[in-house]
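One structure is given here, and the rest of the page talks about it.
Excluded from the calculations below are hydrogen atoms, water molecules and symmetry mates; all remaining heavy atoms, backbone and side chain alike, are included. Treat the numbers as computed from the prediction; the structure is a model and nothing was measured.
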Amino acid sequence: MKLYITGSVGSGKSTLAEQISQITGVPCTHLDELIHMPCSSEKWGNIRRSDEEVDSEFNSIITLDHYVIEDNGRERFVDGMKSADKIIILDIPLKVRKYRIVKRWIRQNIGLESCIYKPKLFVLKSMFRWLNHYESGEDGAKSRLKEFESKTIYLTNQNEIERFLSELQESIIC
């Protein structure tokens with residue numbers, strides 16, 4: 001099983017990837033964590049890994065027999081979409097994603113949720129900017145996914161996500 005999970009910030013990619021990993025035993029990779037590593041002395045609280053390091057690690061992941069990858073659909077990682085058996089697009093309502101962004105930011109600030117960046121106000125603003133770029137198509141993520149329609153699963157609400165997870169669990173048990 002090779003799954004590539006994508007969607008905008010706040011869509012629930014990380015949560016779904018972790019849930020799938022727990023059900024299947026297939027490790028999940030959060031591509032943000034592949035690109036960035038913690039560094040508390042930096043403004044964002046992390047630094048970028050070299051392109052060579054990212055590409056090497058990413059290429060080793062997509063050659064595995066099984067993977068669960070989550071990302072926002074960056075062009076850099078299109079080979080993960082190509083090699084995936086299925087691409088899951090989380091197309092959750094915009095108001096839900098906005099709520100989740102704020103909720104996450106608050107939880108990170110009070111220490112209830114960890115993150116690879118410093119949850120400062122400029123990060124919150126950045127998340128909303130990224131959300132707008134995704135929605136407008138400015139980041140190109142939605143258009144990149146069009147060539148993979150035949151292997152795409154759209155999940156648009158919590159009920160669909162729960163049904164997908166239940167079916168996945170049943171398929172593993174059988």
Side-chain angles (χ1 to χ4, degrees), residues 1-40 42 44-92 97 100-101 104-105 107-108 113-119 123 126-127 130-131 133-134 139-155 158 160-162 164-169 171-172:
M1 171 183 61
K2 296 181 179 186
L3 292 179
Y4 189 101
I5 303 166
T6 189
S8 75
V9 61
S11 62
K13 302 178 300 290
S14 295
T15 301
L16 181 60
E18 294 290 342
Q19 290 170 322
I20 291 171
S21 182
Q22 188 173 25
I23 290 169
T24 63
V26 175
C28 67
T29 302
H30 308 282
L31 294 183
D32 278 344
E33 293 175 8
L34 185 69
I35 294 173
H36 302 95
M37 61 182 160
C39 181
S40 60
E42 293 294 320
W44 280 83
N46 60 50
I47 56 172
R48 291 181 70 88
R49 297 178 198 271
S50 72
D51 288 344
E52 295 78 18
E53 187 178 2
V54 171
D55 292 343
S56 174
E57 183 65 24
F58 178 71
N59 289 327
S60 70
I61 292 166
I62 64 172
T63 60
L64 296 172
D65 291 334
H66 305 283
Y67 63 73
V68 177
I69 292 174
E70 69 88 2
D71 182 52
N72 61 5
R74 286 175 260 227
E75 183 174 12
R76 171 179 203 161
F77 299 122
V78 74
D79 285 344
M81 296 177 215
K82 288 178 184 175
S83 68
D85 300 320
K86 293 288 180 188
I87 298 172
I88 300 170
I89 299 176
L90 292 176
D91 193 17
I92 306 303
R97 289 179 280 151
R100 287 178 177 175
I101 290 169
R104 176 193 302 164
W105 184 78
R107 289 179 53 85
Q108 290 168 344
E113 190 173 319
S114 63
C115 57
I116 61 167
Y117 51 82
K118 293 178 183 175
V123 173
S126 295
M127 285 189 220
W130 299 330
L131 177 63
H133 289 177
Y134 182 87
D139 66 2
K142 291 178 182 179
S143 63
R144 267 188 290 287
L145 291 162
K146 288 184 180 179
E147 73 176 278
F148 307 111
E149 281 293 322
S150 64
K151 60 180 179 179
T152 298
I153 299 169
Y154 283 86
L155 301 176
Q158 193 59 38
E160 290 179 0
I161 292 169
E162 289 171 11
F164 172 82
L165 291 170
S166 177
E167 291 170 3
L168 179 63
Q169 190 160 17
S171 72
I172 290 171

**Prompt:** Looking only at heavy atoms, which two atoms of K13 and L90 are closest? And how far apart?
**Reply:** N-CD1, 3.5 Å
**Request:** Applying ring pair (Phe, Tyr, Trp, His ring centres under 6.0 Å), name anything that partners F58, two or more places apart in sequence or on another chain.
**Result:** F77
**Reported CD1-to-CG distance for the pair I35 and D71, which is rounded to 0.5 angstrom** = 6.5 Å
**Item:** From CA spacing to verdict: side chain to side chain contact (heavy atoms under 4.5 Å, CB included), V26, L3
**Value:** CA-CA 10 Å; V26 175; L3 292 179; over 6 Å; no
**Request:** Name all residues meeting the side-chain hydrogen bond (donor to acceptor under 3.5 Å, both in side chains) criterion together with E149; count only those two or more places apart in sequence or in a different chain, and write none if there are none.
**Result:** Y154
**Request:** For I161 and T15, run side chain to side chain contact (heavy atoms under 4.5 Å, CB included): C-alpha distance rounded to whole Å, both residues' side-chain angles, the deciding distance at 0.1 Å, then the answer.
**Result:** CA-CA 11 Å; I161 292 169; T15 301; over 6 Å; no
**Complete:** Those residues at least two apart in sequence (or on a different chain) that pass salt bridge (Lys or Arg N to Asp or Glu O under 4.0 Å) with R100 are none
**Item:** Partners passing side chain to side chain contact (heavy atoms under 4.5 Å, CB included) against R104 (at least two apart in sequence or in another chain)
**Value:** V9, Q108, E113, Y117, M127
**Request:** Specify the closest pair of heavy atoms between L131 and S8, including all atoms of both residues, with the distance to one decimal.
**Result:** CD1-OG, 3.4 Å
**Request:** Kindly give the heavy-atom pair with the smallest separation between A17 and C28, and that separation in Å.
**Result:** O-CB, 3.8 Å
**Message:** Holding to side chain to side chain contact (heavy atoms under 4.5 Å, CB included), I want the full list of residues that pass it with K151, two or more places apart in sequence or in another chain.
**Reply:** I87, F148
**Request:** With sequence neighbours left out, write down each residue that passes side chain to side chain contact (heavy atoms under 4.5 Å, CB included) with R76, or none if nothing qualifies.
**Result:** R48, D51, V54, D55
**Message:** Within this structure, what is the OG-CD distance for the pair S143 and E75, rounded to the nearest 0.5 Å?
**Reply:** 9.0 Å
**Item:** Residues in salt bridge (Lys or Arg N to Asp or Glu O under 4.0 Å) contact with K86, at least two apart in sequence or another chain
**Value:** none
**Message:** Let's go through I153 and F164 carefully: what are the C-alpha distance in whole Å and the side-chain angles of both, what is the deciding distance for side chain to side chain contact (heavy atoms under 4.5 Å, CB included) to 0.1 Å, and is it a yes or a no?
**Reply:** CA-CA 10 Å; I153 299 169; F164 172 82; 4.0 Å; yes
**Prompt:** Mind checking what makes side-chain hydrogen bond (donor to acceptor under 3.5 Å, both in side chains) contact with S83, not counting sequence neighbours?
**Reply:** Y67
**Request:** Any chance you could measure I20, atom CD1, to I5, atom CD1, to the nearest 0.5 Å?
**Result:** 4.0 Å
**Request:** Not counting sequence neighbours, which residues clear side-chain hydrogen bond (donor to acceptor under 3.5 Å, both in side chains) with E160? List them please.
**Result:** T156
**Request:** Any side chain to side chain donor-acceptor pair (under 3.5 Å) involving residues 18-32? Give me the pairs, sequence neighbours left out, ordered by first then second residue.
**Result:** E18-H30, H30-E70, D32-R74
**Message:** Between L155 and L16, is there a side-chain heavy-atom distance shorter than 4.5 Å?
**Reply:** yes
**Item:** Whether K2 side chain and G80 backbone form a donor-acceptor pair below 3.5 Å
**Value:** no
**Fill in**
Sorted by chain and number, sequence neighbours left out, side-chain hydrogen bond (donor to acceptor under 3.5 Å, both in side chains) with S11 holds for none
**Message:** Can you give me the closest heavy-atom contact between I69 and I62, atom names plus distance?
**Reply:** CD1-CG2, 3.9 Å
**Item:** side chain to side chain contact (heavy atoms under 4.5 Å, CB included) involving S50 - partner list, sequence neighbours excluded
**Value:** E52, E53
**Request:** Answer whether the closest heavy-atom distance between the side chains of L145 and I89 falls below 4.5 Å.
**Result:** yes
**Prompt:** With no hydrogens and no angle check, is any side-chain donor or acceptor of W105 less than 3.5 Å from a backbone partner on P119?
**Reply:** yes
**Prompt:** What are the two closest heavy atoms between R144 and D139, and how far apart are they?
**Reply:** NH2-O, 2.9 Å
**Item:** Side chain proximity check, N72 to L31, heavy atoms < 4.5 angstrom
**Value:** no
